**Q** 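The structure follows.
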Amino acid sequence: MKLSGVELRRVRMPLVAPFRTSFGTQAERELLLVRAVTPAGEGWGECVAMEAPLYSSEYNDAAEHVLRNHLIPALLAADDLTAHKVTPLLAKFKGHRMAKAALEMAVLDAELRAHDRSFAAELGSTRDFVACGVSVGIMDSLPQLLDVVGGYLDEGYVRIKLKIEPGWDVEPVRQVRERFGDDVLLQVDANTAYTLGDAPLLARLDPFDLLLIEQPLEEEDVLGHAELAKRIRTPICLDESIVSARAAADAITLGACQIVNIKPGRVGGYLEARRVHDVCAAHGVAVWCGGMIETGLGRAANVALASLPGFTLPGDTSASGRFYRTDITEPFVLESGHLPVPTGPGLGVTPIPDLLDEVTRTKTWIDS
């Protein structure tokens, strides 16, 4: 397969409601989309970096720059390109995993469409539907939180994740448990907001029988997570710290996590995400698929990934309506707490041209 050219699109999509985490509040989502064009057709990728380097060091302006000036030219120069060759071809460029992931996703989509094969089949899917959880941001008040959680449970979501930060942790969890009972699958996500010195505070979450606490400490503090795991009963799940299959293996060996959140953009692509899944499965560590407020393109790929056998916990693969009133693809709609795994060629979805044009801010075409 020869790459004819690549289009980069910057899109901006309003959220149905502001989404607040420990590192900031989003009222809209700015995304960088990648369209890879080959003689046999085209494929789409989605960069999950944010507008500013808050979740990670990557952000959209930098992702667009490295794609335009380094990553895309490297693939344009390749005469026999496949998705499995993307990572080796880009290996000399350090970091920029989210940008690399978006480009690999677009090439893989194009390749699979040309061969009439789905993402799910390529990755190793074993189910037709995946169970869906929902991520609940930090709220202005506890009554508001309880109303929002109740609404999601009424919609059928099978797991609730509460974003937490110092000052918004034990009491929100307590009130959600008291209102909705012990049968609700409940977990929390700190997005690196705590330190090891907060271990006594985090131990106060133990009585609430949480599925996990996600990334309580800084991304680089793997040893700190291993020590924290000795001081609290709630299982620790790593997110930001897991940037590759090797990082996952190291964290598991050190005892830094009992569960892993797999985000394809964070680890450099869906093929590496599958390797993370395989490493965790080999060690008996459960995984689930995290979300980055994707459009229907990224959501389709995530749902396909989440249908692999090691994904035994509900992920953040929520319906399109969780974040967007109007998506750029046909929306994903919750069915009894589950989403169907796309079965069409490639991602199984494509952007709807009029909807995509409405949210597009810039377009750039790059060829040799």
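Both backbone and side-chain heavy atoms feed into the values below; hydrogens, waters and symmetry mates do not. We number each residue from 1, following the sequence as shown. A quick note: this is a predicted structure, and the numbers were derived from the prediction, not measured.
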**Q** Evaluate Val11 against Glu30 for side-chain contact (heavy atoms from CB on, under 4.5 Å), listing each step before the verdict.
**A** CA-CA 6 Å; Val11 303; Glu30 181 188 276; over 6 Å; no
**Q** Counting only heavy atoms not in Phe19 (residues, nucleotides, ligands), do more than 12 fall under 6.0 Å from its CZ?
**A** yes
**Q** Relative to Trp288, does Arg159 satisfy both conditions: NZ or CZ under 6.0 angstrom from the six-membered ring centre, and within 45 degrees of the ring's axis?
**A** yes
**Q** Are more than 12 heavy atoms from other residues, nucleotides or ligands located less than 6.0 Å from atom CG of Asp128?
**A** no
**Q** Does either side chain, that of Gln215 or that of Asn191, offer a donor lying less than 3.5 Å from an acceptor on the other one?
**A** no
**Q** Could you pull out all residues at least two apart from Ile366 that satisfy side chain to side chain contact (heavy atoms under 4.5 Å, CB included)?
**A** Leu8, Arg68, Ile72, Leu76, Thr364
**Q** Assign the ring pair His65 / His70 to parallel, tilted or perpendicular, where the plane angle (0 to 90°) is split at 30° and 60°.
**A** tilted
**Q** Is a donor from one side chain sitting under 3.5 angstrom from an acceptor on the other, for Asn261 and Glu214?
**A** yes
**Q** How close do Cys132 and Leu339 get, heavy atom to heavy atom, and via which atoms?
**A** SG-CG, 3.4 Å
**Q** For Gly291 and Asp316, work out which heavy atoms get closest and say how close.
**A** N-CB, 3.5 Å
**Q** Within this structure, what is the CG-CZ distance for the pair Leu108 and Phe119, rounded to the nearest 0.5 Å?
**A** 4.0 Å
**Q** Count the heavy atoms of every other residue, nucleotide or ligand shown that sit under 6.0 Å from CZ of Arg12, and state whether that count exceeds 12.
**A** yes
**Q** Establish, from distance only, whether the side-chain atoms of Ser307 and Arg127 form a donor-acceptor pair under 3.5 Å.
**A** no
**Q** Is there a side-chain contact between Phe180 and Leu153, using heavy atoms and a 4.5 Å cut-off?
**A** yes
**Q** Dump the intermediate steps for side-chain hydrogen bond (donor to acceptor under 3.5 Å, both in side chains) on Asp239 and Tyr55, then the final yes or no.
**A** CA-CA 11 Å; Asp239 172 359; Tyr55 168 80; 2.7 Å; yes
**Q** Hey, does Val188 have a side-chain heavy atom less than 4.5 Å from the side chain of Asp169?
**A** no
**Q** Kindly check if the number of other-residue, nucleotide or ligand heavy atoms within 6.0 Å of CD (Gln175) is above 12?
**A** yes
**Q** Taking all non-hydrogen atoms of both residues into account, name the closest pair between Ala251 and Leu238 and its distance.
**A** CB-CD1, 3.8 Å
**Q** Is there a path of hydrophobic side-chain contacts, each under 4.5 Å between heavy atoms of I/L/V/M/F/W/Y residues, joining Leu112 to Leu271?
**A** yes
**Q** Applying side-chain contact (heavy atoms from CB on, under 4.5 Å) to Thr329 and Leu297, what does each step give before you reach the verdict?
**A** CA-CA 7 Å; Thr329 67; Leu297 297 171; 4.0 Å; yes
**Q** So, Glu51 and Asn60: side-chain donor and acceptor under 3.5 Å apart, yes or no?
**A** no
**Q** How long is the straight-line distance from SG of Cys237 back to CG of Asp189, given to the nearest 0.5 Å?
**A** 8.0 Å
**Q** So, for His225 and Glu218, which heavy atoms are closest and what is the spacing to 0.1 Å?
**A** CE1-O, 3.6 Å
**Q** Output the distance between atom CG (Leu32) and atom CE (Met50), rounded to the nearest 0.5 Å.
**A** 14.5 Å
**Q** Are side-chain heavy atoms of Pro342 and Leu347 found at a separation under 4.5 Å?
**A** no
**Q** Decide side-chain contact (heavy atoms from CB on, under 4.5 Å) for Tyr194 and Leu202; before the verdict, give the C-alpha distance in whole Å, the side-chain angles of both, and the deciding distance to 0.1 Å.
**A** CA-CA 9 Å; Tyr194 297 86; Leu202 297 175; 4.0 Å; yes
**Q** Could you state the interatomic distance from CD (Glu104) to CG (Leu75), rounded to the nearest 0.5 Å?
**A** 10.0 Å
**Q** Can you hop from Leu308 to Phe332 via hydrophobic side chains spaced under 4.5 Å?
**A** yes
**Q** For residues Thr234 and Asp206, is any side-chain donor paired with an opposing acceptor at under 3.5 Å?
**A** yes
**Q** Classify the ring geometry between His277 and Phe311 as parallel (under 30°), tilted (30 to 60°) or perpendicular (over 60°).
**A** parallel
**Q** Check the pair Asp357, Arg9 against salt bridge (Lys or Arg N to Asp or Glu O under 4.0 Å), reporting the backbone distance first and the verdict last.
**A** CA-CA 10 Å; Asp357 288 343; Arg9 279 189 184 240; 3.3 Å; yes
**Q** Can you find a pair of side-chain heavy atoms, one from Asp61 and one from Arg10, that are under 4.5 Å apart?
**A** yes
**Q** Between Arg177 and Asp182, is any pair of side-chain heavy atoms under 4.5 Å apart?
**A** yes
**Q** Using a 3.5 Å distance criterion without hydrogens, assess whether the side chain of Tyr324 forms a donor-acceptor pair with backbone atoms of Gly296.
**A** no
**Q** Can you give me every donor-acceptor pair (side chain of residues 142-149, partner residue at least two apart or in another chain, under 3.5 Å) with its distance?
**A**
{"residue": "Gln144", "atom": "OE1", "partner": "Asp140", "partner atom": "N", "Å": "3.0"}

**Q** Begin from the C-alpha positions of Glu178 and Arg174 and carry the test salt bridge (Lys or Arg N to Asp or Glu O under 4.0 Å) through to its verdict.
**A** CA-CA 6 Å; Glu178 289 177 353; Arg174 183 193 315 280; 5.0 Å; no
**Q** State, to 0.1 Å, how close Arg29 and Met292 come at their nearest heavy-atom pair, and which atoms those are.
**A** NH2-O, 2.9 Å
**Q** Report the distance from atom CG of Leu162 to atom CG of Leu186, rounding to the nearest 0.5 Å.
**A** 5.0 Å
**Q** Over all heavy atoms of both residues, which pair between Phe93 and Ala74 is shortest? Give the atoms and the distance, please.
**A** CE1-CB, 3.9 Å
**Q** Could you go through the side-chain contact (heavy atoms from CB on, under 4.5 Å) check for Thr82 and Glu111 one step at a time?
**A** CA-CA 7 Å; Thr82 68; Glu111 182 180 328; 3.6 Å; yes
**Q** Is there a path of hydrophobic side-chain contacts, each under 4.5 Å between heavy atoms of I/L/V/M/F/W/Y residues, joining Ile232 to Leu205?
**A** yes
**Q** Do you reckon Phe23 sits in the same ILVMFWY cluster as Ile213, going by side-chain contacts under 4.5 Å, direct or chained?
**A** no
**Q** Could you check whether Thr295 and Glu46, counting side-chain N and O atoms only, form a donor-acceptor pair closer than 3.5 Å?
**A** yes
**Q** Side chains of Arg322 and Tyr157: is there a donor and an acceptor less than 3.5 Å apart?
**A** no
**Q** With sequence neighbours left out, which residue pairs that include part of residues 346-368 fulfil the ring-ring contact (aromatic ring centres under 6.0 Å, His included) condition?
**A** none
**Q** Any chain of hydrophobic side-chain contacts (each under 4.5 Å) joining Val48 to Val66?
**A** no
**Q** With rounding to the nearest 0.5 Å, note down the distance linking CD1 in Ile262 to CD in Glu272.
**A** 10.0 Å
